[in-house]
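Here's the structure, in C-alpha cells; my notes come after.
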Amino acid sequence: LQDRLRRPGTGMLDRLRRAQAADGRVDAEDLARAAGEFGWPVAAVTGSATYYADFAEGRRGRRHVRVCEGTSCFVSSRGEHIARLERALGVRLGERAADGSVSLQGVRCLGYCYDSPAVLDGELPASGETLGGLFGDPLAAQRRTRPGWVEPLKMRAADIPYVSAVDRPVVLAGLVGGEEPWAVWPSVVATGSPEKVISEVAASGLRGRGGAGFPVAKKWSMTAGEPAPRYVVGNGDEGDPGSYGDRLLMERDPHRILEGLALAGFAVGARHGLILVRSEYPTAAERLRAAVVEAREAGHLGERVHGSPVDFDVEIVVGAGSYVAGEETALLHALAGLRAAVRARPPYPTSHGFLGHPTAVNNVETLAAVPWIVRHGGAAYARLGHPDEPGTKLVCLSQRFRRPGVYEVEFGVPLRHLVEELGGGLREPYRLRAVQVGGPLGGFLTPNQLDLPLLSEPLAEAGAALGHASLVAVDSTVPGVAILRHAWAFGAAESCGACTPCRVGTRRGLELVERIREPAQAAAALADHHPLLEVLDVASLCAFGRGVSCAVRSLLRVYSDELHHTAPTSKGGE
Ligand code: SF4
C-alpha cells in the first residue's frame with residue numbers, strides 16, 4: 001500500500017470524474033486506461049471506483065439530482081421528500097431513468113441543514129420552481145414563505161451571527177468585523193519564525209475543531225520535527241449531517257482558510273498544502289480554487305512569497321462521496337486517489353502522512369482561526385471561552401429551530417442558550433423531543449439536559465459528543481424507532497468496511513430495528529442491542545464504530561419508554 005501511495009495520484013479522482021462525465025459511468029475500459037496513465041494496478045483504480053458513492057451509484061443521467069438523507073432533512077419530512085422527488089422525477093433513489101434523462105442519488109448530507117429538505121440539481125441548490133414544483137403542498141408552501149432557499153449562495157461571512165457568551169466584542173476567525181485575510185502572512189514570511197507561530201498557537205490553547213480536539217501546536221511541532229518533505233492538509237470534508245459551518249467558511253471566506261493553511265505550512269516547514277473538499281460542496285471547491293488563483297496573483301502563494309525565501313502553494317482536491325474520508329488517515333488515502341479507508345495508527349500522519357511523508361492535517365475551521373491568533377496573540381485567544389477549552393466554535397442549528405443558522409460562540413456557553421436564545425426554540429407547531437449534538441457520531445439529549453455547557457468532557461459524560469458542534473432538533477412527531485433506524489442506516493451506509501465489528505455490526509443493528517417494528521419481537525430486539533454495542537465500543541478500528549454506538553445508546557436512553565412500551569406497527573418513516 002505504501003508503494004502505491006508514493007506514486008503520484010492526487011489527480012485520480014478527477015480522472016475518474018472525467019471518465020464518468022463522458023458517458024455517465026466509469027467502465028472497465030476507463031479503469032484500465034486510468035491505471036495505465038497513473039502507473040497503478042487496475043485493482044487499485046477499481047478499488048477507488050467501486051468505493052466512492054459518486055462512482056459506485058451506477059450510471060448517471062444527463063441531469064443528476066442529489067437529495068439529502070441527512071438528519072435534519074430526515075426530521076423535516078421523515079423521508080417523504082425523497083419519495084416525492086422519486087415520483088416527480090420518475091426515477092428511484094440510486095437509479096437512472098431508462099431514457100438517460102435523469103438520475104437520483106441519496107447523499108448524507110448536502111450542508112443545507114438550516115433549510116431542509118435539501119436538493120442539489122446538478123451543482124446548484126434546487127428550489128421547488130427549478131424542480132418543476134415537485135415539492136407540492138406543505139413543503140412548497142414552506143419554501144414560498146422562505147424565499148431564502150437559494151439565498152445562502154449570496155450570504156457573506158459577515159452575515160454569520162457572532163454571539164459572545166460574555167459580551168466580549170472580539171471577533172474570532174474574522175467571521176464578523178471585517179478583518180481582511182492575508183493581513184499577517186506577509187509580515188510572518190518577512191520577519192517571523194516558525195517557532196514563534198507555533199508558540200502563539202500553543203499559548204492560544206487552540207484544539208482541532210473537526211471533532212477530535214487534538215492540540216494544534218502539538219501536531220505542528222510533531223510534524224516539524226520529522227524530515228522533509230512535509231505537507232499541510234486542510235480537511236474540508238465536512239460530512240457530519242447537521243454541520244454546515246465549514247461549507248459557509250469555504251464559500252464565504254476561502255482566503256482566511258488559505259492564510260491559515262499557509263501559516264501552518266510555514267510553522268511545519270511545508271512547501272505544499274492541500275485541501276480536500278467533499279464533492280457535495282461544489283461551490284466551496286470552486287471558490288477555494290478561485291481564491292488560490294487570486295492569492296497567487298497577489299503574491300501570497302507561489303515561489304519566494306513576497307520576496308522571502310519561503311515557497312508555498314496550495315492544491316484543491318475534490319472528494320467523491322465518502323463520510324469516512326473526513327477521518328485523517330482516510331482523508332490522506334482520498335487525497336492520493338485511493339479508497340478512503342481508515343488505517344491503524346501509529347504511525348501517525350505527523351510522521352507518515354500524504355504520500356508517506358510527515359503531514360499536519362487540520363480542519364478548515366481550525367485553520368480559519370489561526371490568522372487571528374497570530375495577529376492578536378495566543379494569550380488574547382486563550383482569554384476567550386472556557387479555561388478547559390479556550391476560544392470559540394461555530395455552532396450549526398437545524399431547520400426545526402425558529403432561527404436556524406451558524407453562530408460563533410465561546411466554549412462553555414450552555415446548550416440551553418443555543419437552543420432557546422439563539423435558536424428561539426422550535427418553530428410552530430413543533431415541540432422539542434430531543435437534540436442531537438455533535439452529528440451522527442455524537443448523541444441525543446433530552447430537553448432536560450440542556451443546561452450542559454458546550455464543552456467536550458461534560459458532553460461526553462452525558463453520553464453525547466461535541467463533534468463538529470451541530471445541534472439538530474428532533475420534534476415530538478418523529479417516532480423513536482424511526483430516528484433509531486436512521487442512525488443505524490447511516491452507520492451501515494457509511495462504514496468504510498476496514499474492520500469487521502463496524503462493517504457487519506452496523507448492518508446487524510439495522511436488522512435489529514426491523515425486528516423492533518414487530519411488537520412481538522421488540523423486547524428481544526432491544527435487549528440484543530447491548531452486546532452488539534459493546535462489540536462496536538471495544539473492537540472498532542476508528543471512532544466511527546464507537547460513535548455510531550454512542551448515538552444508538554443515547555437514543556435507547558432518550559426514547560426508552562417509547563421503544564419499550566409503544567413499539568410501532570407502522571413503518572414510521574424512512
Ligand atoms: Fe471503517 Fe468503521 Fe472500522 Fe472505522 S470502525 S475503520 S469506519 S469499518
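The figures that follow rest on heavy atoms only: side chains count, while hydrogens, waters and symmetry mates do not. The residues of the chain are indexed from 1 along the displayed sequence. Remember, it's a predicted structure, so these values are computed and weren't measured experimentally.
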### Query
Would you call R433 and D475 a salt bridge, using N to O less than 4.0 angstrom?
no

In R66, E95, H64, the residue satisfying side-chain hydrogen bond (donor to acceptor under 3.5 Å, both in side chains) with Q105 is H64

Tell me whether R87 is salt-bridged to E80, with the criterion being a basic N under 4.0 Å from an acidic carboxylate O. yes

Worksheet entry | Cationic N near anionic O, under 4.0 Å, R209 to D246 | no

Smallest heavy-atom separation, D240 atom then G438 atom, equals OD2-O, 3.6 Å

Smallest heavy-atom separation, P404 atom then F401 atom, equals CD-O, 3.2 Å

message = With a 4.0 Å cut-off on N to O distance, would you call R416 and E421 a salt bridge?
response = no

Handout entry: R553 and D537 ion-paired at < 4.0 Å
Key = yes

Practice prompt. Would you kindly check if the NZ (Lys) or CZ (Arg) of R400 is within the cone defined by 45 degrees around the ring axis of Y430 and under 6.0 Å from the six-membered ring centre?
Written response: yes

From the list E286, E238, R287, side-chain hydrogen bond (donor to acceptor under 3.5 Å, both in side chains) partner of Y281 resolves to E238

- Task: Using a cut-off of 6.0 Å, state whether more than 12 heavy atoms not belonging to E511 lie near its atom CD.
- Result: yes

Looking at E280 and R247, is any side-chain nitrogen of the basic one under 4.0 Å from a carboxylate oxygen of the acidic one?
no

All heavy atoms of Y51 vs all of A341, minimum pair found to be OH-N, 4.4 Å

